Structures are given as C-alpha cells and as structure tokens.
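Everything numeric here is computed off the predicted structure, so don't read it as measured data. Numbered from 1 within each chain, the chains take letters A, B, ... in sequence-line order.
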Amino acid sequence: MVIGSAMIAFLLLGLAAPLGRRRPAVAGLVHLACLPPSLLLLALGLMHLAAPPGTPPQIITLPLGLPGLAGHWRLDRLSAFFLLVVNLPAVLAGLYGLGYAPHLPRPGRVAPFLPLFLLGMNGVLLADDAFSFLLAWEFMSLTSWLLVVADDGNPEAGKAGLTYLSMAAFGGFCLLAAFALMAADGGSFDFALLRAHPGGGGGVLAVLLVLLGTGSKAGMVPLHPWLPLAHPAAPSHASALMSGVMTKVALYGLIRILFDLQPVLGWQWGFALMLLGAATALTGVFYALMQRDLKVLLAYSTVENVGLILVALGLAAAFRAYDQPALAALALVAALYHVLNHSLIKSLLFLGAGAVVSATGERDINRLGGLLNRMPVTGACFLAGACAISALPPLNGFVSEWLVFQSLFHAPSLSHWAMRFGVPVVGVALALAAAFAAVCFVRAFGTVFLGRPRSAAAAAAREAPLSLQLAQVVPAALCLGLGIFPVLVSGGLASVVAPLLRVRLPTALLGWPWLSPIAPGAGSYSALMLLLTGVALAITTVLVVHHFGSQRTRRAPVWDCGTPCALPEAQYSADSFSQPLRRVFGRPLLAARELIDMPAPGDTAPARFRLEIRDPLWDGLYARLIRLVNRLADRVNRLQSLTVRHYLLMMFWTLVAGLVIVAVRPPL
Amino acid sequence: MRLVRLLLQTLLKGPVTQAPPPADADSLAQLAATLSARSRDTLGRSLAIRALDAGSCNGCELEIQAVCGPVYDLERYGLKVVASPRHADVLLVTGPVTRNMALAAVRTYEAMAAPKWVVAMGDCARDGGCFAGSYAVMNGVQELLPVDLVIPGCPPEPEKLLSGLLALLETVA
Amino acid sequence: MIPLLWGILHTLLVVAAAPWATGLTRRVKARLQGRRGASCWQPYRDLWRLLQKDSVIADSASWLFHITPYVVFVAVWLAATILPTLTTDMIMTPAADLIALVALLGVARFFTALAGLDAGTAFGGLGASREMFIASLGEPAMLMVTFSLSVLAHTTSPAHLVEFVLAGHVGLEVSVGLAMGALLMVALAESGRIPIDNPATHLELTMVHEAMVLEYSGRHLALMEAAAMMRQLLFLSLIICLFLPWGIARPGDAAPWLLVGLAAWIAKVAALSVVLAAYESWIAKMRLFRIADFLGGALLLALLATIFLYVSEAL
Amino acid sequence: MLGNTTLTEFLDGLRTVPQHQPWPRHLLDERAWMDLLHQLAESDWTLLGLWADGGEVHAALRDEEDGAVAVASLSCPERKYPSLSEVRPGAIRLERALRDLWGITPVGLSDPRPWLDHGRWPVSRPLALPRGPAPETPVDYPFLPVEGEALHIIPVGPVHAGVIEPGHFRFTCSGESVVRLEARLGYTHKGVEELMAGKPLAEAAKLAARLSGDSTVAYSLAFARAVEAATASEAPPRAHWLRALMAELERIANHLLDVGGVCNDAAFPVMLAHCTTLREEVLRANAACFGHRLLMDRILPGGVSHDLTREGGATLRKLCATLAQRLNILVDIYDDLPSLQDRTVGTGIVRPALARRFGAGGVVGRASMQGGDARKAVAYPPYDELDFAVPTQPLGDVNARIWQRIEELRESLSLVNQLMDGMPGGPLTRPIPTRGGEGMALVEGFRGEILLWLRLSEAGKVVRCHPRDPSWFQWPLLEAAIENNIVADFPLCNKSFNCSYSGVDL
C-alpha cells in the first residue's frame, strides 16, 4: 500500500514534470516533491528492519506484466536495507535539487527523469520475479541514461551517453539470459520458486551472466569504462545517485541472486569475485589518483569502493562454500556496511563537487584552490567525506574497512592452496587501495579547497545556497554517526544477513560500545571510546598549551624564501602531487611517459613538457571491440541510418520478445 | 668495514669537541643594554638560529659551518641552525646587506615569530665594513633591522661567534 | 580504579618519554660523529621554547592549519596509548587494534599533508606529495605485518599479541623474522628516519616531513614536533611489543611487575634508540624513487610472512 | 682567414696596447671584431673573460693549442657592440652584467633581461659615465618560459634553508621531474668594481681579498700578480713559494669541506663531521702559521705579509702527514658505501662537450674531461718548478666531481710537501713602483681559473679592476646538470658544483 502510493507518486511526478519544462522553478518543485515518497520508502525500510527477528517478508502480487505472469513484489530485510541505501541519498538529492536544479542549463530535461529514476531503482529492490526485476532494471538504465545526456550542449555527454547505453544494453542482455537459464531449470520467473529450488540454477553460465550483468552496472573491472564517463556527465545530484546509489542497486542484484536465489556456489566463485574485486579496487583508485576532473575522480573512486564490496562479497561466498557461516556473515555484514557507507559518502562528495562546480564553473582541480576560505560549509562537509572515504577513524568508512580487513585477516587456513595464496594477495591489494585512496583524497581536497586559488573563478567563488548546504551537512553528520555507533548498524545488518546465511552474527561480544565480531580477544574496535579518549586528550593538550604557552597569533605572508611570488603555479598542482605514484606505477598501468624538452643553458626558447597516458584496457579491449562493431555495422548498413530513439525501441522490443519466448517455452 | 671501525674509533676516542668558551663579556654588556628595555622571555637553554647571508663574501658562512662542526659543536649548547625563519629565534645576519637582498632580509625577519633577536655577524654586518659607501649596499644590518648583538671580526673566529651566541643564550634564557 | 590510574600514567608516560628517546638518538648520533652533542633532555627545552613563542600563520592558510597540530598530536598520542608498554591489562586494549593504530597514524598523516598544502607554498606541496607517496607503500606493508601476526595469533589486538608471544607460542619462525624485517623497514619510513627522510636536513628540496611543517611556528610547531617524536617512540614501542615483549606485565600480575615492565621498557627503548642512531650513521639517504623499491620490499616480506604462515599451518 | 689559424696569427698585425702585461692587448675595429666572431665560430679558442672599461669592451681569449692568451678590445662610442653570446654561450651572463653595469648593449644577445641589476640600486649603469637614473620600480624579472599542463613552480631562495650564499633558483616541475631550472643571481652584488676604482693598492687589495671569502688567497694572489704585471715588477722568490703554499692550503680546506658537504647532502653526516674536523685542523694551522684562519690579507702586491717560521713549517708537515692518512680512511669509506655511491653515481651529469662549449674549468670542468689548470697552463712561479699532475674524470657526474676533489686533495698535499722542501729564503716583499699600466693575471683557485684584469693610474691607484670568477662559466652548466634528475637530487648537484655567488655577483 505504502509502496504502491510512493511508486505512483514518483510516476506521476515524472509524467507531470514536463508540463512545467519552460519554468526553471518547476524543476525545483519537482525535486521537492520527490522528498515525501522517498521519505516514505525510507521510513518503510527502517520500520521493516526494526521489526523483531522472524517477521515474514511482505509480499504483494499485482496483476501487471505478461499474460499469465503476475507482478510479484516483496519486501524482506535485504530489500528494506537497500530501500534505506537508495532513499536516504534520494532525499538528499531532492533537497539538493531544490536549490540546484533551477540553475542547470536545461532544468526541464532533468526534472522529469529524476523521479522516474528513483522509481526504477526502488522497483529493482522490491521486484520478486524476473520480469518485474528486469523491467525495473531497464527502466533504471534508461532514465539514468536520460540524465546523463540531459546537458545536450555538451558533446562529451553525448559520447558518454552512447557508451553507457551500449554497456547498459549489454548488461541487460546478460541478466535476461541469466534469468532465462535459471528459469529454464527452476521452472519459473518467480523468485519465490527459484528460491525454493536452490541449486537448480542454470549452472556456471547463469552465474557468469549474472556477474557480467550486475558487474557491468556496478563498475566492475573490466566492465567499468563507461562509468567514469557517464556518472560525471549527469547533473551533480544525479551523479550522486548514480555513483552512490545505482551501483549499490546493481550490487543488490548480485547479492539477491548469489546469496538468496542461487545460494549453492563453489568457493571458486568467491575466489573469482575476490580477485575481480581486488582488481577493481586497485584500478579504480589508481585511475582516480590520476584524474584532473573532480567528478571523474569521484566516479573512479566509486569503482574502487565497488571493488572493496566485491572482495567482501567474494569472501562471504567463499566462507559459505567452506561452511563457515559465521565468517561468511561477517564478510557479508562488512559488504553491506560498506554499501551503506559508500552510498552516503559518495552522495556527499558528489553534492560537494556539484556545489564547487556551480560556484566556480570549473571541474578541473588544477584550476581550483583555496575554496575552504570561501565555501566553509561545503569545504568542511567535503573534508568529512574525504576523511570517511579514506577510512579514517572515527568516521564510518573506517568501520566497514575494519570489518573487511577483520574478515580477511581471520580467514582460517582455507583448504585450497589457491585461497591460501589468494587471500594474502587480495589483502595486499586492499591495503594498497586503502592507502591510495587516502593519497587520492588528500590530493583532491588539498587542490580544491586548500592553498591559493589557481583561477579567477576559484578566487571569486561563493558559498552554495542553504538547501545545498543542508544536503551536505546531513550526510556528513550521518557519516560521523554511523562511525561512532558501529554496533547499532552492524547489529541491524546482522539481522539482514541472518535469513540469507542462517546464522546470526554476534557483533558485540564485549558489550555494546565495542565492535567485536569474532572472539573476545581477536581484535575489537570502539569508536566511541577512541573518540572520548581523543577528546579528553585534546582537551588536556589545549589546556596545557594554552596555560603554559604563548597564545598570541600573528598573520603574515607565507614564507617564500625571500622572493614574493604571487603566481598560483608556485604551489603544487594535482598532477604534480600524484606524479611520484604515476612515475612508479604509471608506466606499467597507464603506459605513462613524461616527455621533457629542456633547452640548453642560456637558450631562451621555452622548455616543453608533455605527458602521455593511455588506458591499456581501453586500447586493448574496447578500442578493438569498437572497431569490430564498426565493421559489423558496415555490414548491417541499413541499421546505421536509425536514430538513437530507434535503437532504444529495438532494445526494448528485443527484451520483451526474449521474455515472451522464455515464458511460453515449456519447462524442460 | 672501514666505516664501522671508524665509528667505533670515534666513539671510543671520545668527542673532539673542545671546552666551551666563556660567554663573551662585551656581548653580555651589549645585550644587557639592548635587551633591558624589552621584556626578557625565558626560553630555556634553547635557541634556534636562522642564518641570513645578506651579501657576505662567504667567509662568515665558512665560520658558521665551522661552529656547527664537531670541534665547536654548536648543538651541544642547545643552539641549532634551522631551516625556516618560522622556526627561528635568532636571525644571524652576515654581510653588509646588499640592496638586492634588503627585501629578502626584511621578509625573513617579518616571517619570524616573536620573541626574536637579530645578531649582526662580522664587520660588514656591523657597518658595511670595507664595502661601506657602495651604491649597492646598505652599510650594515642596523639600517634595516633592530640589531641586538654585534659580533665583530672579518670573519669572526668561531670562538668569538660561539661566545657571542652563548652570551645571547644566557641573557634570554 | 587501579587500572584507570595505570592507564593515565601510561598515557602520560608515552608523551613524556618521547622527547627523551629522540634526544638520546641525537646524542648517540652526535657521539658517533665525534661531537659531544646536546643533552638527552634538550628536546624538552626545545619544545618548551617553542611553546613560549608566538605563532605566525600564513595569510592564505585556513582554519585547517590551526587545528591540524592538535589533531595530529592527539591522533598520534591516542595511537601510542593503544600499545601495551607496561602491561597488557589496559583499559584501551579493547578499544582499538593494530588496524585502528595504522588508521590513527593515517589520520595524523592525512592532516599533516593537508596542512602542508594549506598555505599554498611549493614546499608544503612537495612534502605532502612525498609523504603520501611514502605512506602509500608503507601503510600497506604495516597492514600486512598485522595480517601475518593475526594469522599467527588469531588476533589483531596488540595486547593479546603480546600475551600470545609471552605465553611462548612463538618459536623462531621464518615468518616472524620476515614480518619483523618488514616492520623495521616500515618503522624507519613512517617515523621519517634515514634512509627515507633526514630529520636533520637543511635542504628544502630534499625534505619530506620538515617541508610540510616549514610554515608552522610557536606552539603549533611544538605540537607537530612532539607528535613526530612520539611517532618515533611509538614505532620503537611497537617493535618492542611485537618482537621483544619480555618484561611486560600481564593481567593478574602484582603492581611491582608494572615497575619491572617500566624499567624493561625504558631499557629497551634506550637500546633501540642507540641501534637506530648507529644504523643512521651507517647509511646515506636513498634516492626518492628508490624508496618505492625499499617499501615494496617491505610489503613483499610481509606478504611472504603471511603466505609462509598459511602454508606452514596447512602442513 | 678561417681554418686552423692560431690566436696569435689571427691577432697579429692588429694594433697593440703598449703597457698591457703579461699578455698582449689588441685594438680591434668593428670589422676585425666581426672577423673575430666568425673565427670564434670555427676555432675552439676559450673565452676567458669579457668586460668593459670606459667606452671599450675587452674579450680575453686563449688558444688551447699553444696556450697563447690575448685580449681583444673594441671601442664602442655608441655604447653597443656585436655580441659574443652566439659563438660563446658562456658570454651570455657576462654580457648581461656588462649591460647592467656599463650600459653598453651587446647587439645580438638573445636574452634581454638584466642580470646583476634588480632595479633596487639608487642608480643604473653604475660604472658608466654618466650613471643612469634610479629605476622607479624594481625589475619584474620574467623567467624563461615553460610549456606544459599542470606544471608547478618551486621558487627557492635567496634565503635558503641551509647556511649557504643567497641565490634564487626557479624550478618548473611536474611533481619530482624537473622541466626547467633557472638560476637568478646578483643578490650579493656589492659594487666591488666601483668601490675599487680610485682606491690605492692596499685598500683595493683588501677588497680583492673579500670578493669570495673561500677563495681569498686566490683572489689576493690574482690581484697581486695583476698589479705586479701592470707595474712590471716581481715579487721575491720566497713570496712566490709562500703564496703557493697558502693557495694549496686554501684548496685543501675547501675541497675537504666540499667532499664532506656533498656526502652530508646525501644525509651521511659522518663524512661531513670528519671532513670538518680535518678542515678545522688546516684552519688552525693557518692561524698558527700566518695569523688568519682563512689567510685573508696575507698576500699583498709585491709579496706576502707573514713569513713561515720553522715551527710553522713543522706544524704544516705534521698536518700533511695526518691529513693524508685520515683522508685515505675517509676515501675508502666513501668508496665502500653503496648507499652513498647510489646517490652520487650518475647524478647531475655534465657532458664534456657542454663543459667545453661554456669554457668551464676547475673541478666542474675537469670532472668532465676538461684539462685546463692555470697552474700548468700559465705555470706561474713556483708551479713551473713543482711536480704535480692535473687529474681529470670522464663521467661528469656528482661522483666524478667528488673523486676530482679527492685527487686534487692528494696532489695538493704532495705540493705542500714539495713547497716545504724547496722553500727558498730571502725577503718577503719588494716595493711596487708607482706607475701606470694594465695588468692581467690568471690564477688557479680551488674552483678554477680566476682572471683579474686591472688598469692603474700613473699615481699608482686602481682605475679599473675586473675580477672574473671561474663560476661564471660553471653556473650555467648546473641548469643542464639537472636534466633527467629529480628535484630531490638538486642539492647534491649544486653542492658538487659549489659555485661562488659572491665572486660572480661582484
């Protein structure tokens, strides 16, 4: 009932919004109107999570869908948790859009699609049969694509949209085929029936297809190249939703299928997922480290975090296969904790980036600087986000990373040699990724908010309007809250995981302030105690310093070695900051080359510096693929003349046709 | 390993550092005169020195390096040369202060945190020395900065420099 | 009540002893160069002098520059209180483990690097860039050392690790040796010692830590310096805890044992400081990009330690 | 005209100035000057110096084939002359300085920026007659352009973190990689040339001794020799030997400090500690024997001021013995220590061709295969009677410059012994006749060859004196040595060069 009304509200909003497309204010109102349904779904999710253990899932069947196939919708703890993950940032994005959307170049092209996008994402979470799931999934893809291409003045956005669209189509097909295979074995599209016949499952191919389908949407390497193109192209609050939330919806699909519908998997799958996750995390963070565009940087950072979650999911799958449900639960809790954290942090960071971009019109971090003095609230919130995503205690990012490391470090001697070598190697990869993430965000925050302005636009920046500030303060506060009270969250997550793994993880063996999930002596963490001790020490320090020391402070010009140099270049640029890492790791990973042309002494000709960076993955895989597709396209000459709209139409009909074929086919 | 042998020998033979010179009486008198008007802060037996070459011939710098060496061992008295004027208490100026260095000298002084002292080292820093009267020099540090102590000499010998600095240390500590 | 008092004593001890350990290292280095050197207590005088001084802050610096010294000092102090120096029976034992310790040091580094960038000088950026470059390899190596120890002792808590070692569960194992080697290498890097960084350098262009704090003065500088000293002591303590824990009191031991623990700790810190000074006199600083090989080697050692453990457990 | 003409052949037949000693000075007209430029493009004559005097520009040249030295002069009443910078890039900074000080424009000089004049003097063209007015604002010095994305600039100096002389270095970098390094000097410009003009010899000698405090002996010697040349007088033999003794002691003290300093910049302070201790012994011996630690004002026109006593001689012999022995230990340690070698080998390479192009001599040049040493090339007394080698190194890196110093230290120790052995007796000074004239001296300081040219009035006062430090031709090479090195290795390169600031800034 509640779900239905919320969904209909989204739909109506989406349909009504185009009516006011000529008036920018309407775009703001549409965003405002997104708040109640989002809040409603948020409350629903919370209520379901708060229900006592053993409460059955809510199931709704609607007479919608294909002939003979009713639409099944279901709200269980996993969905409820993800409702939280989706709608919390949605509320923030709505709030943000209220002040932000009217100033977009084409507000009329954003306002209608945001509610529809939310509708799609919520739909995926609640779907309980393959048809509804795929329908919602494709709906989510299409509406997000429309958000990506909303700024039609930008040729980059067009290219990003095309790449995204092809990848989304690929992912959709994979999922479709996977469900077809599963249904062929399990006999039905209904998730309930699939769940009832575990192990039926279409075998290796189906799981592989699921991995490809959801992985491509989540940004798993090597299916990620669309993500850093598409996410930043959308308006910032939509970027926040795509990066912070849509990737999580994709992971929801993976968790739903791997841990709920197809729970019987060999350890090899977990192992593969771990390795893929490690590769994803490292690639993502390394590329993030090289970016100049603030939003692209954040998008690559999403790839990294998805990798971290994938590692945890892989560990969970492997532990489950080894029949160690407690550790599996720990890993899964870690994964879900990070899902929640990252959705918040990434939303926060994208909203902050949006505030910066709209205040300066600049996305190149090499042209920003010194914004902390001019945009104190945005700066402080972005700092909180940067600290959280760099896994600094006492913020939330550290808790989930701690849990992931705990589950990794306490992996018992797994019986297969591959796991014995693989787990430490994955540990190294995660540790490197975590360290790189800190470098990446020191670099990002340092060049954008600290130092002196590197352009006139940065020097003239003004703080964002109130609604934008509010939309950043709330998640920043939540990051702190989720970090200080980890036991509350992990307790809730344990109840989400319990039905899937049939074991309830004790998260606080030492009592409520201590996160202690494994054994009383095995390593525990209490953010609250650390924080309180830290505060006590800080107060002591301040008192001592102020009692015994001088309190006078004087402002003076920076120490410039005696030569005043007002050039903004006389401070490190973002590229320079990451150059040592680029030099050490960039040669193998990016084929990075520095070409320096230094004239002889006394020669007044300019010295020249050029940096060559190529993406070996793009060159090696996608560029070839594109060439192949181009050749194919030449053959199918007729199709070339179609417009994008026709392609979309074709995609949709192929989807429907595929479903129909599978539906009418008699079970084997 | 020759190095290990050398290190052991050094350790066994004991330091080559010579006994400290007494704090220079002239300097003490001079400091008493200049510092009496100002509040004397107690910094403990520790002073950080920022050397500033304001156009010296490099002779004074050589003697500063000698004072930092093992024989005089400036550090044993709690005196040390630091990298940034922000960290420094004493600005040790050498040279007659060329006009090309005047701005840098003032900026260095400005960059230092109070309480701070200026020591003019060498005859040039006192009054320009043999460079006085040139179009390119300021004829000594006092034209530009408030000088607390002058250590004369061309260049001042290490003992002289050391006892001057020790006098400063005793006065302000 | 008694544990609380000991806890407070321990907390004060790590902050009070840090300048002494630094002073001792400096003194021994001076003697190895044939100097007399300043007294071991000189760092206290230096800190006191800095506290008395006014603070000068660059025009372009933001509020972050003001708070960073406090954040850094407290983060390192907090990290230092986690380690069981006198006894394993501490209030802070369950609050944080080695992962949290690494992360707390990460907090200190994160803010130091940001403060380096804050004033908008070339040197601050230079130091921050190098510091983060070094940390990006050092921190993983440190985490992998934790990994191998936790595989061995099934815990990441330093106090429980100490108890594990004291209970005699560890023999002379290859993997422990490898982990120790890795930790020693990381310790040199993380506490900014030669061959990674030169704490006594006067060359802006080669500095790492110094370059970041070049703009600080007065009490702010005192805090940054004290934090650096404490970080050095922390790593000495960490090596003591994990590999030379004999003498640390265990739960249930009578109070006099704590004094034994104190004496043992002081003796071990002094011995390690001397070793550090000797090592620093014996080697020159590395080329900057050679550090990647050095710390990459540390990472590899720690990884090998973990894999050895896994393999040997399976045998 | 072109081809294998020697310098002597080329200048033969041109008008010669009578009272220029010991080498000839020829007066060129505009056409002959242009011929000289063309000839310089073909031949490998070394540019020894370039300066002005009143309305004349002088260029000192040396033919390395036969060692012939000559000065070519061009009168430029319109206050401009064709620039040498195209054929001898080492002349660029000399010409910029010349333009700043004398207001004479080198036509064809590609670099229009001032060099010594930062726009902070109360005059401009301080050596020209009449002087120019004071500039209204300080020079806004444009640094050379660098193209590339997201580069950053590191402005260093003039106030450095260490105890060194002031100079400004501007690095344009991408992270650690240096794209361009440019030095800006002139901070220690004290107007010495102007101060010297009109001074009696004793006062001028005092200034000459303070051109560069570490080369005080070499500069005093150069000044004394130039005065003696101009007045056609000669110091007594014992004075020659004592001068050489002091010069070698100065070389030993400075090379010791440099070897230790380079190691210290690689964070190996033990070496510096020992080198400083050894150096201190040299300085104390200096003070004991001659009464001044740095030997300032010990060499005067006409002779030397202090004699070496018997006890002094014994002290020096003992010093040499211990130095030789302890130096060997330090050299072995340097040679043995991979962590130190790793820093110095292959760092800061100066290619021999480039060193030759700039006419760089001294340690920097000899470490890059350049063999020039005034003690051999000019063979002023007493070096014509002494037995010593001029070592060179092929590789031109920091390591080569350290070894160059070590080998020169050994040669100098041997020279000190030879000087003690062969020291003749006799008076210390001979009076300088009061007369006018022009004199030039080439003297090997510890950095390299110092040129000092002066013109005396009939009353025996200095009319014009131009000292040219060896660093003029070494500084520019530093900007090339940084190529393929990172920012963090610059201090090592710089220390291994150890160029003079004060000597160059005048």
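In this structure, chain D has a heavy atom under 4.5 Å from the side chain of B/Leu6, while its backbone stays farther away. Only the side chain of D/Arg284 has a heavy atom closer than 4.5 Å to any heavy atom of chain B. If you measure heavy-atom distances from B/Ser84 to chain D, you find no contacts under 4.5 Å at all. If you measure heavy-atom distances from B/Arg50 to chain D, the contacts under 4.5 Å come from the side chain alone. At a 4.5 Å heavy-atom cutoff, the contact between D/Val163 and chain B is made by backbone and side-chain atoms alike. Only the backbone of B/Val82 comes within less than 4.5 Å of a heavy atom in chain D; its side chain stays farther off. With a 4.5 Å cut-off on non-hydrogen atoms, B/Leu92 does not touch chain D at all. Contact of B/Ile64 with chain D is made through the side chain alone, with heavy-atom distances under 4.5 Å. Neither the backbone nor the side chain of B/Thr94 has a heavy atom closer than 4.5 Å to any heavy atom of chain D. For D/Leu116, the part lying under 4.5 angstrom from a heavy atom of chain B is the backbone only. Residue B/Cys124: no heavy atom, backbone or side chain, is found under 4.5 Å from chain D.
Contact tally against chain D (heavy-atom pairs below 4.5 Å) for B/Ala105, B/Ala66, B/Cys154, B/Gly128: the top residue is B/Cys154. Most heavy-atom pairs under 4.5 Å with chain B: of the set D/His274, D/Arg279, D/Met296, this distinction falls to D/His274.
Side chains of B/Glu61 and D/Asp214 form no contact here, defined as non-hydrogen atoms less than 4.5 Å apart.
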Expected list for residues 130-146 of chain B: side-chain donor-acceptor pairs under 3.5 angstrom, two or more places apart:
from, atom 1, to, atom 2, distance (Å)
B/Ser134, OG, B/Ala136, N, 3.0
B/Ser134, OG, D/Lys190, O, 2.7
B/Tyr135, OH, D/His189, NE2, 2.7
B/Asn139, OD1, B/Gly133, N, 3.0
B/Gln142, NE2, B/Asn139, O, 3.4

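When each of B/Thr98, B/Asp53, B/Asn100 is checked for a side chain to side chain contact (heavy atoms under 4.5 Å, CB included) with D/Pro166, only B/Asp53 meets the rule.
With respect to D/Asp332 and B/Arg2, a salt bridge is recorded, a charged nitrogen being found less than 4.0 Å from a carboxylate O.
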